[in-house]
Amino acid sequence: MNLPQQYIENMKQLLGENEYQQYLQSFEQKKYTGLRINTLKWSIQEFLSKKVFDVECVPWCEEGFYCNEEIRPAKYPYYAAGLYYIQEPSAMSSAAMLPINKEDCVLDICAAPGGKGTQLGVKLGQTGVLVCNDISAGRTKALLKNIELFGITNSIVMSETPQKLSKYFKNYFDKILIDAPCSGEGMFRKDSDMVKNWNNDLISHCIQQQKEILQYSADMLKPGGMLLYSTCTFSIEENENMINHFLKCHNDFHIVPIQKKWGFQNGIGDETLQCCARLFPHKLKGEGHFLALLQKQYTQYDTILEMEIEQIDKRISFFWEFEKQVLNANWQKGRGIYKIYGDDLCYIPENVPILKGLRVLRSGLQLGTFKKNRFEPSQAFACALNKKDVKNCIDFPLQDNKVVRYLKGESIDIENQKDGWCIVCVDGYTLGWGKVQKGRLKNKYAVNWKWE
């Protein structure tokens, strides 16, 4: 690979001549592909017992596994059921190293396309609040789909600047993850386009963005809360120097040491900065990454945020009727309130600030849409349910060609099923809605999710 000369000199200074040669050799070695299990829908034991793929554990992420990239796991119906997320193994480290407690309010501020957001959502276990934001409206569409596919019900998905977010969420979050925009040097082995785009102007642009994101994130973090800053670059300017600058400007923060296991290396600099972690491709099975875990000093504070309250209208009766006919009792996932936005009915987590004026793609779980005198359930709602939540389920085995036919949007002849709404599953795992009429399954799988 034709690496930029300035980058080569930087890496030699960072690693030393001997270790730089080891790093260069990693370009000739295997690139690792991974997937992360969605334990909201099945357990690690279930996954391993299915023996769908030949896998090896990712040591720093309990739900993470290496797999052979040639198997193309996105082409399996289990992927369409939201049972796993395809993710580079080192990228699993940041959300894995951020301690999450049930009921936490968590922000993933640079969240698209959703790898770390889905990981945080699983750790929350449908409790608390998960806000997933990305400044790019285009990239946020993929983020929303992945959050919905995972069946996460307690999330708010939006596309806003950190500065504007900070005005709505001051001292609100228990935990914040910053997967900062960076020069991407850690991905050079995997993506040659990252090499072509690398230059000093890019680094300078990223540094400015990183400073702003850290500044506004600090304002949104509760006293006592924790913030994890990560990049996929080796640049000291974007890593240790960025953290050092932040700490000088915020004396109410300190670094929390990250364990140096699994091949993780110390940060570069004084004893404080060595508490950060670096992941090098010649030291472990993964690409380049940097991690810094920070905690805000606990102080008494008084921040009053006006919270969302339940606001519904008479159309809710159409949903109650649907619920009575189609769903079993206790289908709700987590504590929430009902809100109607236009014709959409959503179930949003409790204690969410009023978000009027922000670009919100989705508040909580979109249950469905009111159409004339009826309620039409959404694809997201289906993904959040399992077969025990509904009265009528059509469950195809993985090998049945009806699974792929359903994912392609076809209607299917069906026997011994009563008319009405049903959940369509593969091996017991939800794919989407269907509606049985006179021995025919009308396909209600989301149009924009259909397989080619």
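We're numbering straight along the sequence, starting at 1. Remember, predicted model here, so these are calculated numbers, not experimental data.
Atoms CD1 and CG, from I176 and L221 in turn, are 4.5 Å apart once rounded to the nearest 0.5 Å. In this structure, CD1 on I258 lies 9.5 Å from CG on L98, to the nearest 0.5 angstrom. The line from CZ of F264 to CG of L284 is 7.0 Å long, rounded to the nearest 0.5 Å. Y216 OH to M220 CE: the interatomic distance, rounded to the nearest 0.5 Å, is 10.0 Å. Rounded to the nearest 0.5 Å, atoms CD (Q332) and CG (L367) are 9.0 Å apart.
Ring geometry, F319 versus F322: the interplanar angle falls under 30°, so the pair is classed parallel (tilted spans 30 to 60°). The aromatic rings of Y78 and W42 stand perpendicular to each other, their planes meeting at an angle above 60°, with 30° marking the opposite boundary. Ring planes of F150 and Y85: perpendicular class, angle over 60° (limits at 30 and 60°). Aromatic ring pairs are classed by plane angle as parallel below 30°, tilted from 30° to 60° and perpendicular above 60°; the pair Y347 and Y338 is tilted. Ring orientation note: the planes of F65 and F47 are tilted relative to one another, at an angle of 30° to 60°.
Cation-pi contact between K261 and W60: absent, since separation from the ring centre below 6.0 Å together with deviation from the ring axis within 45° is not met.
For Q325, the side chain to side chain donor-acceptor pair (under 3.5 Å) criterion is met by E321, not counting sequence neighbours.
Electrostatic pairing of E452 and K408 does not count as a salt bridge here, judged by no charged N lying under 4.0 Å from a carboxylate O. Using a 4.0 Å cut-off between charged side-chain N and carboxylate O, E287 and K190 make no salt bridge. Salt bridge annotation for E63-R36: absent, with no cationic side-chain nitrogen under 4.0 angstrom from a carboxylate oxygen.
Checked against Y429 for a side-chain hydrogen bond (donor to acceptor under 3.5 Å, both in side chains), the options E46, K41, K387 give a single hit: E46. For the side-chain contact (heavy atoms from CB on, under 4.5 Å) with L120, the qualifying choice from D108, V131, L107, I152 is D108, the only one to do so.
A side-chain donor-acceptor contact under 3.5 Å links N239 to the backbone of S235.
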